[in-house]
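Some notes on the structure that comes next.
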2 protein chains.
Amino acid sequence: MTAVTVVQCCAPITREPLSEPEASELATLLKAVADPVRLRLLSMIGSHAGGEACVCDLTGAFDLTAPTISHHLKILRTAGLIDGERRGTWVYYRIIPQTVNKLGALFAPLGAAAPAAGGPAPDTSPLRT
Amino acid sequence: MTAVTVVQCCAPITREPLSEPEASELATLLKAVADPVRLRLLSMIGSHAGGEACVCDLTGAFDLTAPTISHHLKILRTAGLIDGERRGTWVYYRIIPQTVNKLGALFAPLGAAAPAAGGPAPDTSPLRT
DNA sequence: CTATCATTTAGACGATTGTCGAATCAGGAG
DNA sequence: CTCCTGATTCGACAATCGTCTAAATGATAG
């Protein structure tokens with residue numbers, strides 16, 4: 001699972017018209033992040049110390065039941081935005097930056113140097129602890 | 001003179017946890033683009049010669065009725081992603097780059113310095129159809 | 001006035017979504 | 001082994017969404 005296909009999928013959206021398949025694929029990815037809970041989950045995981053967060057830390061921040069949180073995490077996982085790993089009793093999630101960068105490239109201004117996705121990337125993980 | 005004030009709404013999503021209001025506002029914006037039709041509309045408008053596209057050009061690219069296209073355009077307009085202007089018989093839409101840049105900044109890699117919104121754009125479009 | 005382009009409104013329909021409760025799975029602790 | 005806790009899966013529910021048809025409205029050209 002979590003097939004990280006680093007495709008050159010996304011020129012900026014203002015560069016050329018998207019084909020139907022491209023648009024459908026990107027819409028699926030965007031639907032995954034177009035939710036307040038999932039957006040917060042993503043940012044909580046991505047900004048957590050060590051680059052990963054335990055589910056037990058996430059659930060407390062919401063007024064939602066555990067199954068609901070699991071549901072949102074699964075959607076993020078299926079979209080290829082996060083990846084989970086079980087260590088002992090707890091499950092830890094971490095961001096898959098390639099997928100997030102796809103979105104960044106899609107909405108990047110035309111003049112941007114697009115530092116990610118197959119280009120002459122100067123640095124992929126600026127913060128690694 | 002492109003004296004543009006950069007809308008500094010969003011630190012990258014991996015920088016710090018989003019607050020609930022921030023997440024809700026961004027989710028609303030993301031929902032507007034999380035649809036294949038609207039994604040294609042946005043890219044068709046943004047990549048069209050002159051920076052704007054007539055509705056009459058857009059409708060032909062879809063197997064949808066005119067009210068449905070109008071509906072999607074309205075959602076994009078309400079989200080602040082596009083702006084429409086009537087000239088004679090036809091209505092022309094153009095992208096509002098500040099809003100698109102918000103999304104670009106949200107998913108930008110941490111090391112990337114967001115370039116000025118619409119800054120290096122030399123266009124001042126020659127208004128062609 | 002008539003014709004055309006685009007939007008709006010209203011209602012309707014199936015599909016998708018977000019949430020919950022209950023059941024289930026996966027590992028420690030005793 | 002049996003319990004307990006963390007996390008997921010399953011089944012159901014109301015709410016929202018995308019699309020259509022049909023009709024009405026506004027704006028403009030001829």
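Every chain is numbered from 1, with letters handed out A, B, ... down the list of sequences.
- Protein atom NZ of A:Lys31 is 10 Å distant from nucleotide atom P of C:dT16, rounded to whole Å.
- A pairwise comparison of heavy atoms in B:Ile45 and B:Arg94 identifies CG2-CA, 3.6 Å as the closest pair.
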Set out, line by line, the N/O atom pairs under 3.5 Å between protein and nucleotides 3-10 of chain D.
{"from": "D:dA7", "atom 1": "OP1", "to": "A:Cys56", "atom 2": "N", "distance (Å)": "3.4"}
{"from": "D:dA7", "atom 1": "OP2", "to": "A:Cys56", "atom 2": "N", "distance (Å)": "3.3"}
{"from": "D:dT8", "atom 1": "OP1", "to": "A:Tyr93", "atom 2": "OH", "distance (Å)": "2.6"}
{"from": "D:dT8", "atom 1": "OP2", "to": "A:Ser70", "atom 2": "OG", "distance (Å)": "2.4"}
{"from": "D:dT8", "atom 1": "O5'", "to": "A:Ser70", "atom 2": "OG", "distance (Å)": "3.2"}

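- Residue A:Leu26 is not grouped with residue B:Ile75 when hydrophobic side chains (ILVMFWY) are merged at heavy-atom distances under 4.5 angstrom, including chains of intermediate members.
- Rounded to an integer number of Å, the gap from A:Leu30 CG to D:dG18 P is 13 Å.
- Following rounding to the nearest Å, B:Tyr92 (OH) and C:dA6 (P) show an atom-to-atom distance of 9 Å.
- Under a cutoff of 6.0 Å and an axis angle of 45°, B:Arg86 and B:Tyr92 do not form a cation-pi pair.
- A:Leu64 and A:Ile82 fall within the same hydrophobic cluster, defined by Ile, Leu, Val, Met, Phe, Trp and Tyr side-chain heavy atoms under 4.5 Å apart, directly or through other members.
- When the C1' atom of C:dC20 is taken as reference, atom CZ of A:Phe62 falls 17 Å away, rounded to whole Å.
- Counting to the nearest Å, the C1' atom of D:dT16 and the CG atom of B:Asp35 are 14 Å from each other.
- Using a 4.0 Å cut-off, some side-chain N or O of B:Arg38 falls inside it from OP1 or OP2 of D:dG18.
- Atom CG of B:Leu41 and atom P of D:dG18 are 12 Å apart (whole Å).
- A:Tyr93 and A:Arg77 form a side-chain donor-acceptor contact under 3.5 Å, judged by distance and modelled atom types alone.
- Heavy-atom distances to DNA chain C give each of A:Arg87 and A:Val37 a nearest nucleotide, and the one nearer the 5′ end belongs to A:Val37.
- Rounding to whole angstrom units, CG of residue A:Leu76 and P of C:dT17 are separated by 13 Å.
- Between the C1' atom of C:dA26 and the CD atom of A:Glu85 lies a distance of 15 Å, rounded to the nearest Å.
- For B:Thr28 and B:Glu25, the side-chain atoms include no donor-acceptor pair closer than 3.5 Å.
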